[in-house]
Amino acid sequence: DADNFVETYPFVPYQFKLMQNVLVQIRKHGNSGKHLSGGERSMLSGFQEAAQAIEDRDENALVPFYLFYDTVHTFLEGAIRRVIDRCQTAADSRDGLEQQDVSVLKLLYLIRYVEDVKANPDTITTLMADRIDVDKLALREAVQVSLDRLLSQNYIARNGDTYAFLTDDEQDIAREIRNTPVDSANITQAIAQIVFGDLYAFKKFRYDRYDFPFDQMVDDMLWGTSTGAVKLRLVTASSEPDAGDSGFLMRSGSDNEAIVVLSDGLPYFEELESAMKIRKYVKGRNVAHLPESIQSIIRGRQQQAGAFEQRAKECIVQAIMNARFYAAGERIPAKGSNVKEKLDFVLSCLIESVYKKLNLIHSSVDSDTDIFQLLARDAQAEKRFAQPNAQALAEIEQYLKTQEALGLPTSMGDIQRRFQGIPYGWREIDIAALVAILAAGQRVTVSYSGSSVQPGDQSLPDYLRRRND
């Protein structure tokens with residue numbers, strides 16, 4: 001209200017409590033900072049000096065929080081002062097930095113140890129405000145530009161959407177981590193691990209009563225072993241330039257693929273790269289023999305690596321939920337409220353397109369007992385299975401007639417492989433049952449090791465289910 005404004009102007013009410021917290025944290029974390037005078041005297045000095053710094057400005061002026069840094073500068077450790085002074089020198093000489101960058105860096109130091117202040121661009125913008133009528137959007141853009149410059153010059157570190165001031169030792173380690181090379185193929189593999197090892201950890205896709213194995217791919221990398229049938233391919237930001245709808249439509253239609261083009265603008269690749277750089281750097285250091293202060297910094301970076309990986313997973317989830325989906329030469333408006341439902345939907349579309357004759361099987365058998373009943377020409381079994389699947393039966397019989405006309409011997413393995421494959425996708429036991437009907441009706445002859453096998457032979461169901469014979 002007006003009274004509160006008058007009492008605190010040119011300060012903002014939250015600054016009083018925040019500055020008190022800052023002074024407490026500086027005393028805790030800096031040897032020289034422990035000599036800061038405590039309590040009311042430190043507060044009074046800080047606010048007096050900050051007010052004097054803007055005394056020549058108009059009535060719309062506010063005290064930006066970074067001005068409080070100047071009140072504690074001389075009490076800080078040399079390692080802290082050197083970082084700020086080096087930044088100031090670079091800004092004065094326009095060596096990759098601007099004056100505002102120095103102010104942002106001072107602010108980041110002040111709030112470095114204040115746990116309840118999240119140093120993200122929005123918070124920094126609020127703390128940087130120097131006028132009542134400041135354009136917050138323009139200031140936020142300027143703050144982000146400063147953060148990017150400071151990050152590029154290694155003065156600060158980024159952890160998600162938050163930023164942190166770096167001491168000299170931290171800068172050295174951050175520089176070494178940043179220069180640690182990581183193979184992009186390893187990042188692609190990590191994406192595959194997150195998706196196919198966690199978010200969608202299935203080797204087969206369940207469609208109705210059928211289980212279809214599918215190749216799992218991220219860009220051009222195969223995850224696991226190839227089945228050679230259908231594929232689920234995720235296309236990441238690191239792949240070749242986006243071919244647009246036409247390229248993905250063509251590929252999905254000709255290569256039996258369901259394609260998921262992850263949405264742009266989510267930094268999952270960068271987050272994983274940052275995590276991998278840290279882990280590779282730590283693995284290459286004999287950490288146990290380093291000074292405790294350096295070990296502490298490295299432990300902190302290892303925690304950051306875990307945070308990077310968690311955010312990468314969250315970004316991948318968002319990228320899938322907002323992805324473009326293609327199957328059967330069409331762009332699919334994939335339904336679903338989570339990753340599994342989305343990927344299930346696009347795979348369903350693919351299966352329906354690729355296995356066009358899957359629906360010729362209207363009724364299935366459950367066990368060899370059903371096959372024995374069909375071999376015995378049990379009326380109920382035939383009514384339950386043979387009659388509904390008349391078209392499927394005709395497909396197998398026609399195939400056998402064609403093979404005979406060509407003079408080609410036909411094994412049960414030939415039949416199983418043909419009708420389990422595209423465009424059929426039938427189950428092994430259903431194929432065996434269909435051949436059993438033909439054998440029972442003496443429309444085909446089954447032989448094993450040169451001897452004819454009669455429908456009553458107890459081994460016949462086993463023979464009929466052999467894919468490799």
Side-chain angles (χ1 to χ4, degrees), residues 22 26 29-30 32-33 49-50 53-54 56-57 63-113 119-131 134-182 267 270 273-274 277-278 281 293-294 297-298 300-301 304 308:
V22 166
I26 289 176
H29 295 91
S32 298
E49 292 176 27
I54 66 164
D56 294 330
R57 298 178 59 186
V63 172
F65 198 73
Y66 69 84
L67 286 180
F68 291 102
Y69 172 83
D70 296 333
T71 71
V72 300
H73 175 77
T74 56
F75 299 100
L76 300 177
E77 291 177 325
I80 302 298
R81 296 200 306 271
R82 283 194 299 273
V83 173
I84 299 294
D85 291 345
R86 190 166 61 248
C87 181
Q88 183 66 66
T89 300
D92 290 341
S93 60
R94 302 187 70 82
D95 185 15
L97 294 176
E98 304 291 339
Q99 292 299 328
Q100 178 172 276
D101 306 344
V102 183
S103 301
V104 172
L105 187 62
K106 290 178 178 178
L107 173 61
L108 285 173
Y109 173 71
L110 290 175
I111 62 175
R112 171 183 167 95
Y113 300 110
N120 58 31
D122 289 336
T123 300
I124 296 168
T125 299
T126 299
L127 295 173
M128 287 288 293
D130 61 355
R131 294 184 62 81
V134 67
D135 184 338
K136 290 288 291 288
L137 291 178
L139 179 57
R140 191 189 189 287
E141 291 177 4
V143 163
Q144 187 61 63
V145 171
S146 285
L147 291 170
D148 292 341
R149 281 196 293 260
L150 289 168
L151 190 62
S152 70
Q153 297 292 320
N154 211 44
Y155 284 95
I156 63 175
R158 178 188 65 82
N159 189 358
D161 66 342
T162 64
Y163 296 82
F165 176 95
L166 295 179
T167 64
D168 279 335
D169 285 341
E170 289 170 335
Q171 287 185 30
D172 290 341
I173 292 173
R175 188 178 298 107
E176 291 170 1
I177 289 173
R178 182 175 297 175
N179 293 333
T180 299
V182 172
E270 293 81 359
E273 182 179 33
S274 296
K277 283 177 176 285
I278 292 172
Y281 168 81
S293 61
I294 302 300
I297 294 171
I298 290 176
R301 296 311 295 261
Q304 285 184 359
F308 283 135

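The model shown is predicted, which means the values in this text are computed figures rather than measured ones. These values consider heavy atoms only, across backbone and side chains, with no hydrogens, waters or symmetry-generated copies.
Taking each heavy atom of Gln100 and Leu139 in turn, the nearest pair found is OE1-CD1, 4.4 Å. Smallest separation of non-hydrogen atoms from Ser103 and Met128: CB-CE, 3.9 Å. Shortest non-hydrogen contact noted between Arg82 and Ala79 is NH2-CA, 3.4 Å.
For the side-chain hydrogen bond (donor to acceptor under 3.5 Å, both in side chains) test, no residue two or more places apart in sequence or in another chain qualifies with Glu273. Shown here are the ring-ring contact (aromatic ring centres under 6.0 Å, His included) partners of Phe65, two or more places apart in sequence or in another chain: Phe68. Lys106 pairs by the salt bridge (charged side-chain N to carboxylate O under 4.0 Å, His left out) definition with Asp70, not counting sequence neighbours. With sequence neighbours excluded, the residues that form a side chain to side chain contact (heavy atoms under 4.5 Å, CB included) with Gln153 are Leu97, Tyr155. Residues satisfying the side chain to side chain contact (heavy atoms under 4.5 Å, CB included) test with Asn159, not counting sequence neighbours, are Thr162, Gln304, Ala307, Phe308, Arg311. Qualifying side-chain hydrogen bond (donor to acceptor under 3.5 Å, both in side chains) partners for Tyr66, counting only residues two or more places apart in sequence or in other chains: none. Applying the side chain to side chain contact (heavy atoms under 4.5 Å, CB included) rule to Asp172 yields the partners Asp169, Arg175; only residues at least two apart in sequence or on another chain are considered. Ala164 pairs by the side chain to side chain contact (heavy atoms under 4.5 Å, CB included) definition with nothing, not counting sequence neighbours. Here Ser274 pairs with nothing under the side-chain hydrogen bond (donor to acceptor under 3.5 Å, both in side chains) rule; sequence neighbours left out. For Thr167, the side-chain hydrogen bond (donor to acceptor under 3.5 Å, both in side chains) criterion is met by Glu170, not counting sequence neighbours. Considering only residues two or more places apart in sequence or on other chains, Tyr69 meets the ring-ring contact (aromatic ring centres under 6.0 Å, His included) condition with His73.
Distance check, rounded to the nearest 0.5 Å: SG of Cys87 to CG of Asp92 gives 9.5 Å. Between atom CG of residue Asn154 and atom CG of residue Leu166 there is a gap of 6.5 Å, rounded to the nearest 0.5 Å. Interatomic distance, Ile156 CD1 to Leu150 CG, rounded to the nearest 0.5 Å: 5.0 Å. A distance of 4.5 Å separates CZ in Arg301 from CD1 in Ile278, rounded to the nearest 0.5 Å. Remark: Ser293 OG to Ile298 CD1 distance equals 9.5 Å, nearest 0.5 Å. In this structure, OH in Tyr163 is found 14.0 Å from CG in Leu105, a value given to the nearest 0.5 Å.
Counting only residues at least two apart or in different chains, salt bridge (charged side-chain N to carboxylate O under 4.0 Å, His left out) contacts with residues 136-148 comprise Asp122-Arg140.
With Gln144 contributing its side chain and Pro121 its backbone, the two residues share no donor-acceptor pair below 3.5 Å. Put simply, the side chain of Thr180 gets close to the backbone of Glu176: a donor and an acceptor are under 3.5 Å apart. Side-chain atoms of Ser93 come within 3.5 Å of backbone atoms of Thr89 as a donor-acceptor pair (strictly under, hydrogens ignored).
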Residues Arg178, Lys277; criterion side-chain contact (heavy atoms from CB on, under 4.5 Å); working and verdict
CA-CA 7 Å; Arg178 182 175 297 175; Lys277 283 177 176 285; 5.5 Å; no
Apply the test side-chain contact (heavy atoms from CB on, under 4.5 Å) to residues Phe165 and Leu107: give CA-CA distance (whole Å), side-chain angles for both, the deciding distance (0.1 Å), then the verdict.
CA-CA 9 Å; Phe165 176 95; Leu107 173 61; over 6 Å; no
Please evaluate residues Gln99 and Arg94 with respect to the criterion side chain to side chain donor-acceptor pair (under 3.5 Å), reporting the C-alpha separation (whole Å), side-chain torsions for both, the decisive distance (0.1 Å), and the verdict.
CA-CA 9 Å; Gln99 292 299 328; Arg94 302 187 70 82; over 6 Å; no
Decide side-chain contact (heavy atoms from CB on, under 4.5 Å) for Ser146 and Glu98; before the verdict, give the C-alpha distance in whole Å, the side-chain angles of both, and the deciding distance to 0.1 Å.
CA-CA 8 Å; Ser146 285; Glu98 304 291 339; 5.9 Å; no
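Proximity of Ile124 to Leu108: side-chain heavy atoms (C-beta onward) are separated by under 4.5 Å at one or more points. Contact annotation: the side chain of Ile26 never approaches that of Tyr113 to less than 4.5 Å [non-hydrogen atoms, C-beta and beyond]. Contact of the Val22 side chain with the Val72 side chain is not registered, since no non-hydrogen atoms from C-beta on lie closer than 4.5 Å.
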